[in-house]
Structure formats: C-alpha cells, structure tokens
Amino acid sequence: MSQTTIAPATGAFPDGFLWGGATAANQIEGAYASGGKGLSIQDVMPRGITTEPTEGPTPENLKQVGIDFYNRYAEDIALFAEMGFKVYRFSIAWSRIFPNGDDAEPNEEGLAFYDRVLDELEKHGIEPLVTISHYETPLNLARAYGGWRNRKLIDFYERYCQVLFERFGTRVKYWLTFNEINSVIHEPFMSGGIPVPREELTDSDLYQAIHHELVASARATKLAHEIMPGAQVGCMILAMPVYPLTPSPDDVVRAMDTAHASYAFGDIHCRGAYPGYLRRFFRDNGITIEITEQDREDLTHTVDFVSFSYYMSICESADPGQEKGPGNIMGGIPNPTLEASEWGWQIDPQGLRVVMNDYWERWGKPLFVVENGLGAKDQLVEIDGEPTVLDDYRIDYLNDHLVQVREAIEDGAEVMGYTSWGCIDVVSASTAQLSKRYGFIYVDRNDDGSGTLDRYKKKSFGWYRDVIASNGATLS
Ligand code: BGP
C-alpha cells in the first residue's frame with residue numbers, strides 16, 4: 001500500500017520570493033512634457049479624482065514634477081538596492097512612447113529612458129516588473145476617441161505592447177497589462193480614459209469599454225507569449241474583500257453580488273470567458289455589448305499569474321440607509337470593528353489572507369501582491385544630525401500585513417512576491433497630494449510644490465532591509 005506523507009507547513013517565505021516595491025510613472029517621473037512625452041490624462045487631473053479634469057495642464061499639478069524620478073532614477077534605484085530589493089514594479093508612461101497614442105512611430109527618446117532605468121536595475125540585480133498601463137492613458141485617446149469606449153484603442157494598445165515587447169523583451173520577464181482593471185467601474189476617466197462622468201455613462205457603454213480592455217489584455221498576453229517565450233503576464237486587480245455587515249442572508253447575498261463585480265475581471269482573465277453571473281447581470285439590467293467571434297477567441301488567452309493591490313476590506317448591506325465610507329477608489333460601508341488610516345481607509349491585515357486564499361482557490365494561479373501600504377502624514381525629525389522619519393505606524397502596518405501573507409502561504413497559496421506601494425514617497429493617485437506618504441524613503445516635497453526633492457531614509461527603510469535579508473524571518 002502506498003503511503004502519502006503530507007509535509008508540515010513551514011510558514012516560511014519560499015526561496016526566491018520577490019521582495020520589493022512599486023510605483024507608477026505618472027506619480028513619480030515628472031518631466032511631464034519633456035523627452036518628447038505627450039500629455040496623459042493625469043496631466044489634467046491636478047486634484048486626482050476629487051475634482052473634474054481641467055481643460056489642459058495646470059501648474060498646481062504636482063505630477064508635472066512628481067518626485068523627479070526622470071532625472072533621479074539612478075539614485076533611487078541605488079536606494080532600493082540598499083534595501084535589498086529583488087524586484088521593482090514600475091509603469092511605462094504610454095504617452096512617453098506614443099505621445100498621442102495613435103502616432104505612426106514610437107518616440108525613441110521615451111524608449112531610451114526606460115532602457116536607462118533597466119540598465120540601472122540590471123546593475124543592481126533587481127528584476128523589473130512592468131505595468132503597461134497604470135492610470136495614464138494618452139490624453140488624445142481620451143479626448144479624440146472617448147477612451148476605452150472606442151474599439152480602436154485595442155489596436156493602439158496592442159501596437160504599444162508590441163513596441164515594448166520587442167524593445168524590452170529580453171530584459172523584462174514579468175508584465176502586468178492594466179493597473180487595477182476593475183476600478184474602471186468607479187473611475188471611468190482615470191482608469192479607462194473615458195471623458196464622461198460615471199453618472200452620465202450608461203452601463204452598456206461602461207461594459208463595452210471594459211470589454212475592450214479585457215480583449216486588449218488578452219491580446220497583449222498572447223503577443224507577449226509569441227514575442228517573449230518565457231515571459232509571464234499577469235492581470236492586476238483592485239482587491240477588496242466584501243464582508244456582509246450582519247449575518248442576515250440579505251446582506252450575505254448583497255456582499256456576494258458586490259464581490260462578483262470585481263471577481264468578473266479575474267474570472268475572465270483566468271478562465272477566458274464571461275462568467276454566468278455577469279451574463280445574468282447584463283440580462284437583468286438591459287446591458288448590451290458587442291462581442292465578436294474574434295473577441296471570444298482572443299479572451300481564451302489567459303494570464304500566467306494574478307496580481308493585485310490590497311489596502312482594505314469593506315462591508316456590504318441590503319439596507320439602503322447604510323452609507324459608504326472613504327476607501328481605495330471604490331470604498332464601501334465601514335466595518336464597525338476596524339480602525340482607519342488618516343485618510344479613512346480601514347486597516348484589516350487579515351483581509352489580505354482572506355483575499356489570497358480566495359483568489360488562490362478560485363483561480364489556482366500564482367499570486368503576486370503588487371501593492372499594499374499605509375498612506376500617512378510623516379514628520380521629518382533629526383537623529384544624530386540626519387533627517388529621518390520615525391514611522392513605527394508604517395512598520396506596524398506592513399509587518400501585520402506581511403504576517404498575513406505568510407499565513408496565506410502556510411494555507412497553501414503559491415505566492416511569487418510582494419511589492420509594497422510607493423516604496424519611495426509618490427504623488428497620491430486619488431488626491432494628488434504628496435503629504436499622503438507611503439515610502440521607506442522620504443522625499444522633501446510638499447503639497448504646495450515647495451521642497452528640495454532630497455531623499456531621506458525613514459526608520460522603515462532599515463526595517464524592510466532586515467525583513468528582506470532574513471526572507472521574512474524578522475517579522476513579528
Ligand atoms: C492604487 C493605485 C496606485 C496608488 C494606490 C494608493 O489604487 O494603483 O496608483 O496610488 O492605490 O492610492 P492613493 O495614492 O490614492 O493613496
């Protein structure tokens with residue numbers, strides 16, 4: 001009789017676990033109109049998603065300078081290397097490569113910039129993880145084409161991908177197609193370049209745009225596998241577990257429906273077809289969209305792994321009197337048992353374990369936590385003559401979340417890596433503030449644009465370096 005031995009779980013992070021940090025081009029690079037770059041939708045969003053887009057660029061937009069990564073990338077990457085990063089997630093600004101999105105030829109100066117960034121990463125042995133589109137659709141594609149509502153964007157995106165894969169394919173193994181692709185339901189302009197407020201957009205138009213993005217993502221995956229054998233492509237989902245506010249079955253069903261709205265994106269990326277509950281949602285709400293035979297075939301090209309951001313969980317209720325609270329893009333009904341950050345995002349480390357188990361069991365694809373962190377106001381102090389930030393609150397937040405990643409690994413989830421969000425302070429996506437800081441590295445720049453742009457190591461810098469060096473053993 002054969003005997004099966006079940007190995008005891010070790011709870012350790014696997015060898016080769018990719019520790020690192022994440023940023024996005026529009027939130028760090030600056031140089032918004034140099035190097036041949038065209039405008040992106042971010043150049044008309046000086047207040048993030050809190051106000052309507054402006055007509056053109058305005059000087060109060062902190063992203064025009066960002067944290068000047070365009071000029072200081074070598075210094076910043078050296079600091080990442082000092083922390084021991086194994087991987088660095090960054091995005092390529094589409095409008096640096098195709099200034100108008102529909103140009104006949106790519107902009108060589110833009111490509112050359114990312115060559116230099118990759119040189120620097122290579123020098124330090126840091127693996128790149130590239131987001132192809134991170135909330136920075138070329139403005140022309142939004143204004144002249146209506147953003148992702150227009151089917152033509154699939155071709156423009158595919159051409160952009162082809163240029164990236166041919167140029168960087170031998171140097172970049174890990175790719176993400178669209179940042180937080182499910183966020184387009186809530187923020188059609190920032191996430192989908194759709195220049196129509198959500199209230200004025202019909203559900204059919206919104207889901208048509210979503211369909212175009214999903215087809216584009218699948219086509220990019222297919223193309224990546226053709227051009228770069230060995231490349232791994234992931235989808236990227238804004239993960240937010242939905243708890244029923246009470247044990248009432250009405251609340252439970254409501255929570256399931258809300259969760260489905262995001263699951264749909266992972267289901268399509270991982271299973272290659274529209275799930276039944278989404279087809280039902282379309283039927284029940286009179287939503288009609290165009291799906292061609294070719295689209296159906298394209299969608300069967302599924303991703304290699306699932307990446308996601310995780311900041312918080314939400315509650316859902318069947319009671320229409322329950323009000324939503326603030327949160328990452330979508331927000332939800334606050335959980336009465338949880339504390340919140342200074343920006344009202346509720347803190348729930350165990351929610352990360354819940355999400356990881358959930359995604360692993362649902363899709364059976366390796367997971368990559370590509371965003372997680374605490375946006376907080378930092379106070380610069382001087383210790384031994386060196387400016388620093390005593391950010392124990394950030395250390396606690398990250399420690400508690402990483403412990404839950406370890407729990408999920410122990411539960412059996414296959415996890416490729418973890419990149420904390422805003423490993424160096426960046427301009428916030430939702431509010432466009434610099435005072436909402438996530439980094440291990442403090443950047444001397446303020447919400448009014450003042451500051452030297454000098455970099456200082458926070459207390460969390462040394463803490464993260466030790467976590468990485470010990471492959472998670474120092475977590476408590
Ligand atoms: C995610 C985005 C990031 C990032 C992060 C933190 O939604 O992918 O771009 O900014 O959230 O959000 P915020 O900057 O609004 O604090």
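Counting begins at 1 with the first residue of the sequence. Everything numeric here is computed off the predicted structure, so don't read it as measured data. Ligands are counted one by one from 1 in listed order, and the atoms in each one are counted from 1 as well.
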Revision key, fill the gap. Applying side chain to side chain donor-acceptor pair (under 3.5 Å) to D466 and not counting sequence neighbours gives none
Check your understanding: With P106, which residues qualify under side-chain contact (heavy atoms from CB on, under 4.5 Å), at least two apart?
Key -> I97, F98, L111, V163
Exercise for review: Report the residues that fulfil salt bridge (charged side-chain N to carboxylate O under 4.0 Å, His left out) with R254, sequence neighbours left out, ordered by chain and then residue number.
Suggested key: none
Exercise for review: Any chance you could measure L118, atom CG, to F113, atom CZ, to the nearest 0.5 Å?
Suggested key: 10.0 Å
Study note, to complete from the structure: Within the heavy-atom cut-off of under 4.0 Å, ligand 1 is lined by Q27, H134, Y135, N179, E180, Y311, N328, W345, E371, W421, S428, A429, S430, K436, Y438
Exercise for review: Using modelled atom types only, decide if a donor and an acceptor are shared between the side chain of N179 and the backbone of H134 within a distance under 3.5 Å.
Suggested key: no
Check your understanding: How about Y243 and D348: does a side-chain donor come under 3.5 Å of a side-chain acceptor?
Key -> yes
